[in-house]
Participant: 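Submitted below is the structure of interest, expressed as structure tokens.
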Amino acid sequence: MSEHTVRASARVGVVVLADIWRLQLQVQARDNQQDQAFRRRQRAVDTVRRVLDGTGVHSFDEVLRDDLHHDGAVVATWSISVSGGITEQTVVREITARLAAEPDVLISGPEWELAVASRRQARLRALGEAAEKAREDAEAMVTVLRRRLGQLIRVESGDGSRNSPMMLRTAVAAGAGEMPGRTLELELEPPEIDIDAEATVTYEVV
């Protein structure tokens with residue numbers, strides 16, 4: 001093996017679209033009378049469930065809670081999270097459009113992220129480009145010395161990501177019974193997410 005080596009590093013970022021969204025729906029009914037707070041909560045929960053049942057979306061993290069405030073008011077809350085993929089953006093619009101003007105209903109989100117498989121694919125792409133760039137830099141350095149690259153001795157990597165989630169919070173209020181009408185039309189586009197990868201290569205110089 002040659003006694004002389006050259007080491008070069010490069011970092012490359014690739015931009016990909018987020019492909020998973022998460023939306024949190026919360027019912028918050030406040031009243032001085034406990035039974036009234038509970039009834040308002042139940043009406044709102046029934047409305048949210050009717051909307052969700054019409055979409056077939058995946059739901060999770062359901063929480064029911066009752067709080068007594070210092071002023072004597074009872075706050076009856078319920079929350080649930082829903083999520084979907086990039087092909088189900090119409091579901092976000094449908095849920096938001098139907099619940100935006102409902103009493104005691106809060107909508108938080110959507111928050112966007114990358115699926116595990118998508119993140120891995122983006123990382124591998126960035127890593128490959130970073131390794132190629134590092135090799136080119138190493139070759140440029142030894143060419144100046146009128147030498148050439150020999151055997152690859154070592155490759156090291158590191159990576160990261162910068163996620164820029166899109167946030168929307170709608171809080172409005174009042175109704176129950178039939179499927180609520182559409183009151184808010186949103187144009188939602190998944191945000192771009194930067195995936196970085198760094199590669200360091202060490203070559204023999206011959």
Participant: Any idea which heavy atoms bring A44 and D104 closest together, and the distance?
Facilitator: CB-CB, 4.4 Å
Participant: Go through the structure and list residues passing salt bridge (Lys or Arg N to Asp or Glu O under 4.0 Å) with R65, not counting sequence neighbours.
Facilitator: D67
Participant: Suppose we screen for salt bridge (Lys or Arg N to Asp or Glu O under 4.0 Å). Which residues come up paired with R30, at least two apart in sequence or across chains?
Facilitator: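 If we apply the salt bridge (Lys or Arg N to Asp or Glu O under 4.0 Å) test to R30, skipping adjacent residues, the hits are D71.
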Participant: State, to 0.1 Å, how close P190 and L17 come at their nearest heavy-atom pair, and which atoms those are.
Facilitator: O-CD2, 3.6 Å
Participant: Salt bridge or not for D46 and R50, using N-O below 4.0 Å?
Facilitator: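 Between R50 and D46 there is no salt bridge, as every charged N stays at least 4.0 Å from the carboxylate O atoms.
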Participant: In chain order, what residues pass the salt bridge (Lys or Arg N to Asp or Glu O under 4.0 Å) check against D53, with sequence neighbours excluded?
Facilitator: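 Checked D53 against salt bridge (Lys or Arg N to Asp or Glu O under 4.0 Å); zero matches.
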Participant: Are side-chain heavy atoms of V75 and D66 found at a separation under 4.5 Å?
Facilitator: no
Participant: Taking 4.0 angstrom as the limit, do K133 and E129 come out as a salt bridge?
Facilitator: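 Salt bridge between K133 and E129, a charged N being under 4.0 Å from a carboxylate O: no.
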Participant: Has R41 got a side-chain atom pairing as donor or acceptor with T77's backbone, closer than 3.5 angstrom?
Facilitator: yes
Participant: Going by distance alone, is a donor N or O of one side chain under 3.5 Å from an acceptor N or O of the other, for R39 and Q36?
Facilitator: yes
Participant: Salt bridge check, E132 against R135: does any charged N sit closer than 4.0 Å to a carboxylate O?
Facilitator: yes
Participant: Would you confirm whether W112, through its side chain, and D19, through its main-chain N or O, come within 3.5 Å as a donor-acceptor pair?
Facilitator: no
Participant: So Q26 and S108, do their side chains get closer than 4.5 Å, heavy atoms only?
Facilitator: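 Side-chain contact under 4.5 Å: no.
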